[in-house]
S.K.: 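Take a look at this one; I'll ask things after.
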Amino acid sequence: MLDNYGTKRIIVTGGSGFLGSHLCERLLENGHEVLCVDNFYTGTRGNIEHLLDNHAFELHRHDVTFPLYVEGDEIYNLACPASPIHYQYDPVQTTKTCVVGAINMLGLAKRLKIKVLQASTSEVYGDPTVHPQTEEYWGNVNPIGTRSCYDEGKRCAETLFFDYNRQLGLRIKVARIFNTYGPRMHPNDGRVVSNFIVQALHDKDITIYGDGSQTRAFCYVDDLIDGLVRLMDSRDDFTGPVNLGNPNEFTMRELAELVIELTGTKSRVSYKELPSDDPKQRQPDNSLAKAELDWEPKVELKEGLVKTIAYFEKLLSA
Ligand code: NAD
Ligand code: UDP
Ligand code: UDP
């Protein structure tokens, strides 16, 4: 479907979600046509409303667990609820989306003979015993816990991607995305950055789970999208899996303090029970992404939080 101007028609599943909407925007800015495929399970029309008038943007309401017959030049497969609250709401559907959704998108890529990128996750490492996590680490995942529908679903999707590659020669790209934050996160998705900011803006208690000593490394959305696009555009024999995340690690207590400082809230911190299987630490080793994609995150946590807080201030006052 390449036309004379190098414009591609790019299929983005999960395109009305947090990351997907930013990706659609970036691909349009880069001069491509975008087919956004989403069933609005966790995504919203509001995330992509500003794109609907763009003649290069098309929206298709569809559940990826059903076959999809469309045309295109590349597929970014992002469809899947990503926050623990959302993916645990209907865990059977979560695994179906991960696994059957992957089979359908791989089948589509096979028929069209096009590249397909999988939005995998650092959750494939589970509660890691290797720190920071490199792509060689096989992970420490509970197969029957409350997070398993997502973790094992995403692991199985990776297996399918690599078997379609080995067995059928399909061109695949697998990104292992670490905690990402920014504007258009769902205000009620229970993720730590959105929770803390929304609580702070309402002067409500900031809820730290456990003692707050667990760590995460937070990547600003613009950096992450840059990494995904670079991965899709990388040489054909580079499949990944490749870690995409910001290596600067913070405890949840440090994050709470930063949000309190930046919002100037009257909120106090309160401690709640730690959810089951909650990883104690997580930090990407980004060496592979740097070597293969010349990619490194640029946005510091403070700078990204300021932009995210501004987004939520506007959203909550609307
Ligand atoms: P999100 O929940 O905002 O977006 C997911 C999108 O997929 C939503 O628009 C939702 O409606 C759609 N969707 C869900 N099930 C679907 C189905 N069966 N058919 C069609 N569409 C469906 O989440 P996000 O943070 O934007 O995450 C996007 C992708 O990136 C997910 O695959 C997630 O696993 C992965 N990821 C995200 C993070 C992160 O920190 N945000 C980290 C690791 C991996
Ligand atoms: N598929 C799809 N769109 C296509 C081609 C295939 O959704 O354009 C689905 C199809 O329903 C099938 C899945 O992708 O269940 C896997 O396709 P594949 O060709 O690998 O397997 P097969 O059809 O041989 O089972
Ligand atoms: N967390 C927290 N308070 C909240 C929400 C989350 O302390 O209000 C903790 C959570 O227990 C985990 C970390 O923050 O240790 C990151 O949680 P999130 O759901 O954002 O991502 P994930 O656990 O999937 O990395």
Side-chain angles (χ1 to χ4, degrees), residues 12-23 36-44 47-48 60-71 76-87 90 93-94 96-98 100-112 118-124 147 150-151 153-154 157 160 164 167-168 170 175-182 184-186 189-196 198-199 206-219 221 224 228 244-245 251-253 255-256 271-275 277-282:
V12 179
T13 77
S16 75
F18 161 48
L19 296 182
S21 61
H22 286 274
L23 178 62
C36 166
V37 175
D38 203 297
N39 68 350
F40 293 111
Y41 186 59
T42 52
T44 66
N47 284 343
I48 46 150
H60 182 46
R61 189 180 192 122
H62 175 83
D63 182 332
V64 293
T65 61
F66 294 95
L68 177 65
Y69 286 85
V70 292
E71 311 305 312
Y76 287 83
N77 186 35
L78 272 62
C80 184
S83 86
I85 289 185
H86 287 155
Y87 69 65
D90 185 349
Q93 177 64 21
T94 298
K96 281 186 191 168
T97 294
C98 290
V100 183
I103 292 175
N104 286 331
M105 291 312 105
L106 287 161
L108 176 62
K110 176 182 141 192
R111 177 176 64 81
L112 298 174
Q118 168 68 356
S120 190
T121 167
S122 54
E123 301 283 338
V124 301
R147 292 175 83 106
Y150 182 75
D151 300 6
K154 288 284 187 178
L160 284 160
Y164 268 79
Q167 200 175 324
L168 301 159
L170 199 72
R176 289 187 179 152
I177 302 169
F178 284 65
N179 298 64
T180 302
Y181 70 100
R184 300 200 202 116
M185 289 184 92
H186 200 292
D189 73 0
R191 283 190 262 196
V192 70
V193 173
S194 42
N195 261 16
F196 285 5
V198 171
Q199 289 162 345
I206 295 196
T207 54
I208 291 183
Y209 302 161
D211 65 6
S213 63
Q214 71 271 37
T215 69
R216 294 292 186 273
F218 299 101
C219 185
V221 60
L224 194 275
L228 288 181
L244 294 178
T251 66
M252 294 313 100
R253 234 179 291 146
L255 178 69
Y271 290 88
K272 305 251 181 217
E273 202 182 327
L274 191 68
D277 294 336
D278 200 87
K280 282 182 260 326
Q281 53 182 11
R282 201 183 289 136

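Counting convention: from 1, in listed order, for ligands and their atoms alike.
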S.K.: Taking 4.0 Å as the limit for heavy-atom contacts, which would you say applies to Arg191 with ligand 1: side chain only, backbone only, both, or neither?
M.R.: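 The answer is the side chain.
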S.K.: Give the residue, atom name and distance (to 0.1 Å) of the protein heavy atom nearest atom 9 (O) of ligand 1.
M.R.: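 Checked against all protein heavy atoms, atom 9 (O) of ligand 1 sits closest to Asp38 OD2, 2.5 Å.
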S.K.: So if I count the atoms of ligand 2 from 1 in the order they appear, which ones are less than 4.0 Å from some heavy atom of Leu68?
M.R.: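 Contacts of ligand 2 toward Leu68, numbered from 1: 2 (C), 3 (N), 4 (C), 7 (O), 8 (O).
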S.K.: Could you pull out the closest heavy-atom pair between Ala157 and Cys98, with the gap in Å?
M.R.: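 In this case the closest contact between Ala157 and Cys98 is CB-O, 3.7 Å.
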S.K.: To the nearest 0.5 Å, how far apart are CD in Gln93 and SG in Cys80?
M.R.: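 One gets 9.5 Å once the value is rounded to the nearest 0.5 Å.
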S.K.: Which heavy atom of the protein is the closest neighbour of atom 4 (O) of ligand 1, given with residue, atom name and distance?
M.R.: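 Of every protein heavy atom, Gly17 CA, 3.5 Å lies nearest to atom 4 (O) of ligand 1.
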S.K.: Can you name the atoms of ligand 1, numbered from 1 with element, that are less than 4.0 Å from a heavy atom of Gly43?
M.R.: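 It comes down to these atoms of ligand 1: 8 (C), 9 (O), 10 (C), 11 (O).
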S.K.: Can you tell which part of Met105 has a heavy atom less than 4.0 Å from ligand 2: side chain, backbone, both or neither?
M.R.: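 Met105 to ligand 2: no contact under 4.0 Å from either part.
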S.K.: Any salt bridge between Glu123 and Arg147, counting N to O under 4.0 Å?
M.R.: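 Between Arg147 and Glu123 there is a salt bridge, with a charged N closer than 4.0 Å to a carboxylate O.
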S.K.: For ligand 1, indicate whether the residue Tyr150 contacts it via side chain, backbone, both or neither (heavy-atom separation under 4.0 Å).
M.R.: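 The side chain, only.
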S.K.: Look at the side chain of Thr44 and the backbone N and O of Thr42, then say whether any donor-acceptor pair between them is shorter than 3.5 Å.
M.R.: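 Not at all, since once roles are kept as given, no pair shorter than 3.5 Å links the two residues.
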S.K.: Heavy atoms only: which of Lys154, His186, His60 is nearest to atom 32 (O) of ligand 1?
M.R.: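 Nearest option to atom 32 (O) of ligand 1, by heavy atoms: Lys154.
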S.K.: Name the closest protein heavy atom to atom 3 (O) of ligand 1, giving the residue it belongs to and the distance to 0.1 Å.
M.R.: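 Looking only at protein heavy atoms, the one closest to atom 3 (O) of ligand 1 is Phe18 N, 2.9 Å.
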S.K.: Are any side-chain N or O atoms of Gln199 and backbone N or O atoms of Thr207, one a donor and one an acceptor, separated by less than 3.5 Å?
M.R.: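 Between the backbone of Thr207 and the side chain of Gln199 there is a qualifying donor-acceptor contact (under 3.5 Å).
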S.K.: Which of the atoms in ligand 1, numbered in the order shown and given with their element, are less than 4.0 Å from a heavy-atom of His62?
M.R.: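 Here the atoms of ligand 1 in question are 19 (N), 20 (C).
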S.K.: Taking only residues two or more places apart in sequence, or in another chain, which ones meet Lys280 in a salt bridge (Lys or Arg N to Asp or Glu O under 4.0 Å)?
M.R.: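 Expected list: Asp127.
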S.K.: Nearest to atom 19 (N) of ligand 1 by heavy atom, Val64, Thr94, Thr42, Ile177: which?
M.R.: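 Ranked by closest heavy atom to atom 19 (N) of ligand 1, first place is Val64.
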S.K.: Looking at non-hydrogen atoms alone, which of Pro81, Ala82, Cys36 comes nearest to atom 27 (O) of ligand 1?
M.R.: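 Looking at heavy atoms only, Ala82 sits closest to atom 27 (O) of ligand 1.
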S.K.: May I ask whether Leu78 places a heavy atom under 4.0 Å from ligand 1?
M.R.: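 Leu78 counts as a contact of ligand 1 under the 4.0 Å cut-off.
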S.K.: For ligand 2, is there an N or O atom under 3.5 Å from any N or O atom of Pro67?
M.R.: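 No: no nitrogen or oxygen of Pro67 is under 3.5 Å from one in ligand 2.
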S.K.: Between Asp63 and ligand 1, is there a nitrogen or oxygen pair with a distance under 3.5 Å?
M.R.: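 Yes, at least one N or O pair falls under 3.5 Å.
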S.K.: I'd like to know if the side chain of Asp63 and the backbone of Asn39 have a donor-acceptor N/O pair within less than 3.5 Å.
M.R.: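 It does not hold such a pair.
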S.K.: Kindly compute the distance separating CD1 (Ile48) from OG (Ser21), expressed to the nearest 0.5 Å.
M.R.: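 Between atom CD1 of Ile48 and atom OG of Ser21 there are 8.5 Å.
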S.K.: Name the option, out of Asp90, Asn39, Leu19, that contains the heavy atom nearest to atom 37 (C) of ligand 1.
M.R.: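 The option holding the nearest heavy atom is Leu19.
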S.K.: How many angstroms lie between CG in Leu274 and CD in Gln214, if you round to the nearest 0.5 Å?
M.R.: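 Between Leu274 CG and Gln214 CD, I get 5.5 Å after rounding to 0.5 Å.
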S.K.: Can a non-hydrogen atom of Ser16 be found less than 4.0 Å from any atom of ligand 1?
M.R.: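 Yes, that is the case, since the closest heavy atom of the residue is under 4.0 Å from the ligand.
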S.K.: What are the two closest non-hydrogen atoms of Val70 and Leu112, and how far apart are they?
M.R.: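 Where Val70 meets Leu112 most closely, the heavy atoms are O-CD1, 3.6 Å.
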S.K.: How long is the span from the OH atom in Tyr69 to the CG atom in Asn104, to the nearest 0.5 Å?
M.R.: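 Here the rounded value is 8.0 Å.
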S.K.: So, applying side chain to side chain donor-acceptor pair (under 3.5 Å) with Thr13, which one of Asp38, Thr97, Asn77 is it?
M.R.: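 When side chain to side chain donor-acceptor pair (under 3.5 Å) is applied between Thr13 and each of Asp38, Thr97, Asn77, only Asn77 qualifies.
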S.K.: Can an N or O of Val37 be found at a distance shorter than 3.5 Å from an N or O of ligand 1?
M.R.: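 So ligand 1 has no N or O lying under 3.5 Å from an N or O of Val37.
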S.K.: Has the side chain of Thr94 got a donor or acceptor atom that lies under 3.5 Å from a matching backbone atom of Tyr87?
M.R.: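 The answer is yes, because a donor-acceptor pair under 3.5 Å joins these two groups.
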S.K.: Could you pull out every protein residue that has a heavy atom closer than 4.0 Å to ligand 3, ordered by chain and then number?
M.R.: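 Around ligand 3, where the cutoff is 4.0 Å for heavy atoms, the contacting residues are Pro84, Glu123, Arg147, Asn179, Gly190, Arg191, Val192, Asn195, Phe196, Thr207, Ile208, Tyr209, Gln214, Arg216, Met252, Pro275, Asp278, Arg282.
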S.K.: Ignoring hydrogens, just give me the one of Ala119, Ser120, Cys219, Gly245 whose non-hydrogen atom is nearest atom 44 (C) of ligand 1.
M.R.: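 The residue whose heavy atom sits nearest atom 44 (C) of ligand 1 is Ser120.
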S.K.: Looking at every heavy atom in both Gly245 and Phe178, which two are closest together, and how far apart are they?
M.R.: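 So the two residues come closest at CA-CB, 3.9 Å.
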S.K.: For Ile103, counting its heavy atoms only, list the atoms of ligand 2 lying under 4.0 Å from any of them.
M.R.: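 So the answer, numbered in order with elements, is 13 (C), 14 (O), 16 (C).
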S.K.: Checking the N or O distance criterion of under 3.5 Å, is ligand 1 in contact with Thr180?
M.R.: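 Yes, there is a polar N/O contact under 3.5 Å.
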S.K.: With a cut-off of 4.0 Å, which atoms of ligand 2 are near a heavy atom of Lys110?
M.R.: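 In order of numbering, the contacting atoms are 18 (P), 19 (O), 20 (O).
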S.K.: Look up atom CZ in Arg176 and atom OG in Ser120, then write down how far apart they are to the nearest 0.5 Å.
M.R.: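 Between atom CZ of Arg176 and atom OG of Ser120 there are 6.0 Å.
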S.K.: Give the minimum heavy-atom separation between Arg216 and Asp278, together with the two atoms involved.
M.R.: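 Answer, listing the atom of Arg216 first, then Asp278: NH2-OD2, 3.4 Å.
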S.K.: Mind listing the closest non-hydrogen atom pair of Tyr164 and Gly107 along with its distance?
M.R.: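 Shortest heavy-atom contact: CE2-N, 4.4 Å.
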S.K.: Where is the tightest heavy-atom contact between Ala102 and Leu160, given as atom of each residue plus distance?
M.R.: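 Residues Ala102 and Leu160, closest heavy atoms: CB-CD1, 4.2 Å.
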S.K.: When only distance counts, is Asn179 in polar contact with ligand 1, meaning an N/O pair under 3.5 Å?
M.R.: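 So ligand 1 has no N or O lying under 3.5 Å from an N or O of Asn179.
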S.K.: Out of all atoms in ligand 1, which are within 4.0 Å of some heavy atom of Phe40? Include the element for each.
M.R.: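 That gives atoms 11 (O) of ligand 1.
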S.K.: Could you check whether any heavy atom of Glu123 sits closer than 4.0 Å to an atom of ligand 1, since that is the contact criterion I want to use?
M.R.: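 Flag not set, Glu123 not near ligand 1.
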S.K.: Measuring from atom CZ of Arg191 to atom CG of Asn179, what distance do you get when rounded to the nearest 0.5 angstrom?
M.R.: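 Between atom CZ of Arg191 and atom CG of Asn179 there are 8.5 Å.
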S.K.: May I ask you to list the atoms of ligand 1 that are less than 4.0 angstrom from any heavy atom of Gly14?
M.R.: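 Listed by number with element, the hits are 6 (C), 7 (O), 9 (O), 12 (C).
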S.K.: Looking at ligand 2, is there an atom of it that comes within less than 4.0 Å of some heavy atom belonging to Phe66?
M.R.: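 Phe66: no contact with ligand 2 (<4.0 Å).
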S.K.: Considering only protein heavy atoms, which is closest to atom 5 (C) of ligand 1, and at what distance to one decimal place?
M.R.: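 Going by distance alone, atom 5 (C) of ligand 1 is nearest to Cys80 O, 3.2 Å.
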S.K.: Is it the case that ligand 1 has an N or O less than 3.5 angstrom from some N or O of Gly15?
M.R.: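 Checking ligand 1 against Gly15, no N or O pair falls under 3.5 Å apart.
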S.K.: Parallel, tilted or perpendicular: which one describes the rings of His22 and Phe18, with boundaries at 30° and 60°?
M.R.: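 Perpendicular: the ring planes of His22 and Phe18 meet at over 60°.
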